[in-house]
Amino acid sequence: MIIKSKSFENNGMIPKKHTGFGEDISPELMLNDIPDDTVSLAIVMDDLDVPFRDSFTHWIIWNIPKAEIIQEGLPGGEKIEKPFSAVQGIAWGKHIYNIGERRNIFAKRTPEC
């Protein structure tokens, strides 16, 4: 599976709009080559430039229905219902997308749940 965004280049800096120094909204993500037997998706966003360890997870969201596009600006909350039903982990003490202006990696998973 391949994940891309129109908002930034692969291995590039996340634009200010998508950080805590800007609007802090999740970017649109495009997923290609999703395995046919995929039922749901999980996205993990790790900060590769954090100074005190190898990486730091800023966002995790799972139980995303199989889709080729995850729209920009997902709402906060442990469970979201729109634009689809999913569950978000905790970032900086809240169930939200929240990152800094750094290089980040979006890892994707197709959980078997």
Side-chain angles (χ1 to χ4, degrees):
M1 186 166 48
I2 300 167
I3 187 168
K4 295 181 180 180
S5 179
K6 293 177 184 176
S7 300
F8 51 89
E9 296 290 323
N10 185 35
N11 205 28
M13 299 292 280
I14 303 288
K16 187 175 183 178
K17 173 182 178 180
H18 299 291
T19 72
F21 301 104
E23 298 171 54
D24 207 18
I25 60 173
S26 62
E28 178 181 272
L29 301 174
M30 298 167 292
L31 297 107
N32 298 309
D33 300 328
I34 301 170
D36 291 337
D37 61 345
T38 299
V39 176
S40 66
L41 301 164
I43 303 291
V44 178
M45 200 285 301
D46 286 327
D47 184 338
L48 301 177
D49 293 332
V50 66
F52 51 88
R53 54 200 272 191
D54 291 336
S55 70
F56 182 83
T57 301
H58 282 273
W59 187 42
I60 182 167
I61 183 169
W62 64 95
N63 286 348
I64 302 167
K66 183 178 177 180
E68 293 183 354
I69 296 178
I70 298 173
Q71 75 180 50
E72 177 182 82
L74 295 180
E78 180 178 1
K79 294 180 181 177
I80 63 170
E81 297 300 329
K82 292 185 180 181
F84 48 77
S85 180
V87 180
Q88 294 187 97
I90 296 175
W92 301 104
K94 299 178 183 178
H95 295 277
I96 57 170
Y97 166 91
N98 183 281
I99 66 167
E101 206 167 358
R102 302 174 184 264
R103 258 180 343 119
N104 293 273
I105 184 170
F106 285 86
K108 61 275 179 194
R109 304 279 189 269
T110 54
E112 296 180 18
C113 53

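Here the structure is a predicted model, which means the values were calculated and not measured. Position 1 is the first residue of the sequence, and the numbers go up from there. Just the heavy atoms: all of them, side chains too, but no hydrogens, waters or symmetry mates, feed the values below.
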Undergrad: Identify the heavy atoms of W62 and Q88 that sit nearest to each other, and give their distance.
TA: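 Taking every non-hydrogen atom into account, CZ3-C, 3.8 Å.
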Undergrad: Can you confirm whether K66 is buried at NZ, in the sense that more than 12 heavy atoms of other residues, nucleotides or ligands lie under 6.0 Å from that atom?
TA: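 Counting neighbours around NZ of K66, more than 12 heavy atoms of other residues, nucleotides or ligands fall under 6.0 Å, so yes.
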Undergrad: What are the two closest non-hydrogen atoms of P15 and S7, and how far apart are they?
TA: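 In this case the closest contact between P15 and S7 is CG-O, 2.9 Å.
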Undergrad: I43, I25: one ILVMFWY side-chain cluster at the under-4.5 Å cut-off?
TA: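 They do not share one cluster, since no chain of ILVMFWY contacts under 4.5 Å joins I43 to I25.
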Undergrad: Among all residues two or more places apart in sequence or in another chain, which pass the side chain to side chain contact (heavy atoms under 4.5 Å, CB included) test with P65?
TA: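 Expected list: F84.
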Undergrad: Which distance, rounded to the nearest 0.5 Å, do you find between the CD1 of I61 and the CG of L41?
TA: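 Interatomic distance, I61 CD1 to L41 CG, rounded to 0.5 Å: 10.5 Å.
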Undergrad: Would a distance-only check, ignoring hydrogens and angles, find a side-chain to backbone donor-acceptor pair under 3.5 Å from H18 to D24?
TA: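 Here the side-chain-to-backbone pair does not exist.
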Undergrad: Could you pull out all donor-acceptor pairs under 3.5 Å where a side-chain atom in residues 28-35 meets a protein atom, sequence neighbours excluded?
TA:
none

Undergrad: Just to verify, which of V87, I70, I80 counts as forming a side chain to side chain contact (heavy atoms under 4.5 Å, CB included) with I64?
TA: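 Only match with I64 under side chain to side chain contact (heavy atoms under 4.5 Å, CB included): I70.
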Undergrad: Would you check if T38 and M1 make a side-chain contact, meaning some heavy-atom pair closer than 4.5 Å?
TA: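 No, their side chains stay 4.5 Å or more apart.
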Undergrad: Check whether any side-chain heavy atom of E23 sits under 4.5 Å from a side-chain heavy atom of E72, and report yes or no.
TA: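 No, too far: nothing below the 4.5 Å cut-off.
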